[in-house]
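First comes the structure, then the notes that go with it.
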Amino acid sequence: MKKNTYSGIRTTAIHGGEGPDPATNASAPPLHMSSTFVSEEAAGFSAHDLKDDSPWLYARWANPTVSMLEKKIAEIEGVEDALCTASGMAAATAIFMTFLSSGDHVIVSDVSYAGVAELARDTLPRFGIETTFVDMSDLNALNNAVKKNTKLIHIESPVNPILRLTDVRAVKKIANQVGAILSADCTFATPLGMRASKLGIDLIMHSATKYLCGHGDAVGGIIAGSRSLIGKLRLEAGIHHGGVMSPFNAWLIARGVSTLPLRMEAHEKNAMIIANWLEKHPNVTDVKYPGLESHPQHKLAEEQMNNFSAMLSFQVGDESVGKALANKMASKLEVIHYAVSLGHHRSLIFWMPTEELINGSFRLSNIQAKSYKAFAGDGIFRMSVGLEDPEDLILDLERVL
Ligand SMILES: *Cc1c(COP(=O)(O)O)cnc(C)c1O
């Protein structure tokens, strides 16, 4: 591979993985929608011999536009390789199904993206995989949970939806004691918010649907890491399980990634303004944003995050008050969209009832439920602060609060 003459993150986000199209000299990267590629040799090759310089063969194995995005993300994350998947959930499934077998043990953050929590709890045991759910902010609990057959530890930081952080370096030390792979869902932090490979994360996972795409118009997932780990994923999860990303989505997401560093600066600035404003509002009883000094793990946030991203949660009293406000928001907000998902240029807000999440998605035990409630309280609004003028976001919130 040609060595880059640049190293800055903004330049990498724009030029990483791409270059003028050799066929046409087009400056923008081409979109190759082709599912198959004409062979120059009579016989194909096995998926097991796929190499960097193998000819394009079939789009489930590799597609030039998807590969362009994979190279771009690998360069941004400072790792050897990356694999694009059909969605963030497909990325999580890829990790679990590639690196776990019957008889293995996996430890998953007790609070994590609801789909991932449900997948780990409901699907993995059917394949003979033993699962333990741990509050990853409690390192003693994690220490007690690891076993000889722990093959994978899956964390999230900050966790969706309550913005609790995980001390990644500390978790890595524990993973190393049993030789477990450390995978982390870095969707909230983005590649700008956490230098994941430097913190020791082996498999860096993102829902590309969120900040990487950034514009709310494509679903996708990505996993970045070493050539050997990603090679295994590409063979099993990509070629065999088949949940690959469409070239069109890769093209849209790559276009979004080009402005990721600039967007994250603006996202963080806006989120800081909104978080500070919410903290002073008389009807708001609690705000959680890693960038606020009042965040219980603000010190850890400063140590391990380079950008606090733009996800925050806030409360307005007990669950009944919150629910009533959620209804009002759904009908009265004009700029902020009352909708799930996050990381878009448009601001999004959604109500997250505590009891329903604890009993439904997370099924937390007593002490974990207590810890969740102590951290998040009784029902929260999860807000993904977008790139609008902060004055307009404040006006919109003022109207309903
Ligand atoms: C959205 C999300 C996912 C799932 O991603 P999809 O692209 O919706 O499948 C996983 N983890 C986190 C933290 C998310 O926010």
Side-chain angles (χ1 to χ4, degrees), residues 66 69 73 82-97 108-123 133 136 152 154-166 168 183-194 196 201 203-224 237-238 241-246 248-250 252-253 256-257 260 264 267 271 288 290 305 308-313 337 339-344 346-350 352 357 361-362 376 380-386:
V66 178
L69 175 60
I73 296 292
L83 175 77
C84 287
T85 55
S87 66
M89 278 308 298
T93 305
I95 291 171
F96 291 152
M97 292 305 191
V108 180
S109 173
D110 68 337
V111 181
S112 43
Y113 179 72
V116 172
E118 289 162 13
L119 169 73
R121 189 189 64 224
D122 298 334
T123 306
F133 295 86
M136 294 287 176
L152 181 74
H154 181 78
I155 60 172
E156 211 174 294
S157 190
V159 299
N160 187 356
I162 62 174
L163 281 311
R164 192 166 66 193
L165 305 188
T166 303
V168 179
S183 73
D185 185 336
C186 302
T187 301
F188 269 36
T190 82
L192 272 294
M194 261 193 338
I201 296 164
L203 293 168
I204 306 160
M205 181 207 131
H206 297 279
S207 164
T209 316
K210 315 294 170 51
Y211 286 102
L212 296 182
C213 172
H215 297 78
D217 49 15
V219 171
I222 198 146
I223 308 155
H241 305 165
V244 296
M245 183 184 279
S246 144
F248 186 44
N249 283 13
L252 284 169
I253 291 165
V257 170
L260 182 69
M264 291 318 296
H267 270 299
K288 288 282 188 314
M305 297 184 83
F308 297 122
S309 198
M311 295 305 300
L312 57 84
S313 74
H337 285 185
V340 296
S341 202
L342 56 108
H344 306 173
R346 297 178 195 89
S347 290
L348 305 171
I349 199 163
F350 211 72
M352 302 269 162
L357 280 175
S361 294
F362 301 136
I380 51 172
F381 288 94
R382 184 188 70 185
M383 182 169 180
S384 168
V385 181

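Each residue takes its place number in the sequence, starting with 1. Worth knowing before you read on, the calculation uses all heavy atoms, side chains too, and leaves out hydrogens, waters and symmetry mates. We count ligands from 1, going down the list as the structure has it; atoms in each ligand are counted the same way.
- Between F96 and H154, the distance from one ring center to the other falls under 6.0 angstrom.
- Remark: minimum distance from atom 5 (O) of ligand 1 to any protein heavy atom is reached at S207 OG, 3.0 Å.
- Judged by the 6.0 Å and 45° rule, K288 forms no cation-pi pair with F188.
- The shortest N/O to N/O separation between G88 and ligand 1 falls below 3.5 Å.
- At least one donor-acceptor pair under 3.5 Å links the side chain of T93 to the backbone N or O of M89.
- Interatomic distance, CD1 of I223 versus CD1 of I73, reported as 12.5 Å (0.5 Å rounding).
- Between K210 and ligand 1, at least one pair of N/O atoms sits closer than 3.5 Å.
- In this structure, the side chain of T187 engages the main chain of S207 through a donor-acceptor pair within 3.5 Å.
- To the nearest 0.5 angstrom, Y211 atom OH is 13.5 Å from C186 atom SG.
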Next item on the list: Would you check, one step at a time, whether the test side chain to side chain contact (heavy atoms under 4.5 Å, CB included) holds for N160 with L342?
Entry: CA-CA 10 Å; N160 187 356; L342 56 108; 4.2 Å; yes
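- Among all non-hydrogen protein atoms, the one lying nearest atom 4 (C) of ligand 1 is Y113 CE2, 3.4 Å.
- Among all non-hydrogen protein atoms, the one lying nearest atom 11 (N) of ligand 1 is D185 OD2, 2.6 Å.
- Residue-ligand proximity, M89 to ligand 1, at heavy-atom distances under 4.0 Å covers atoms 4 (C), 5 (O), 6 (P), 9 (O).
- Close contacts between ligand 1 and G220 involve ligand atoms 7 (O) [criterion: under 4.0 Å to a heavy atom].
- Close approach of ligand 1 to T209 (heavy-atom distance below 4.0 Å) involves ligand atoms 6 (P), 7 (O).
- If you number the atoms of ligand 1 from 1 as listed, the ones under 4.0 Å from a heavy atom of E156 come out as 13 (C).
- The L342 neighbourhood of ligand 1 comprises atoms 15 (O), with distances under 4.0 Å to a heavy atom of that residue.
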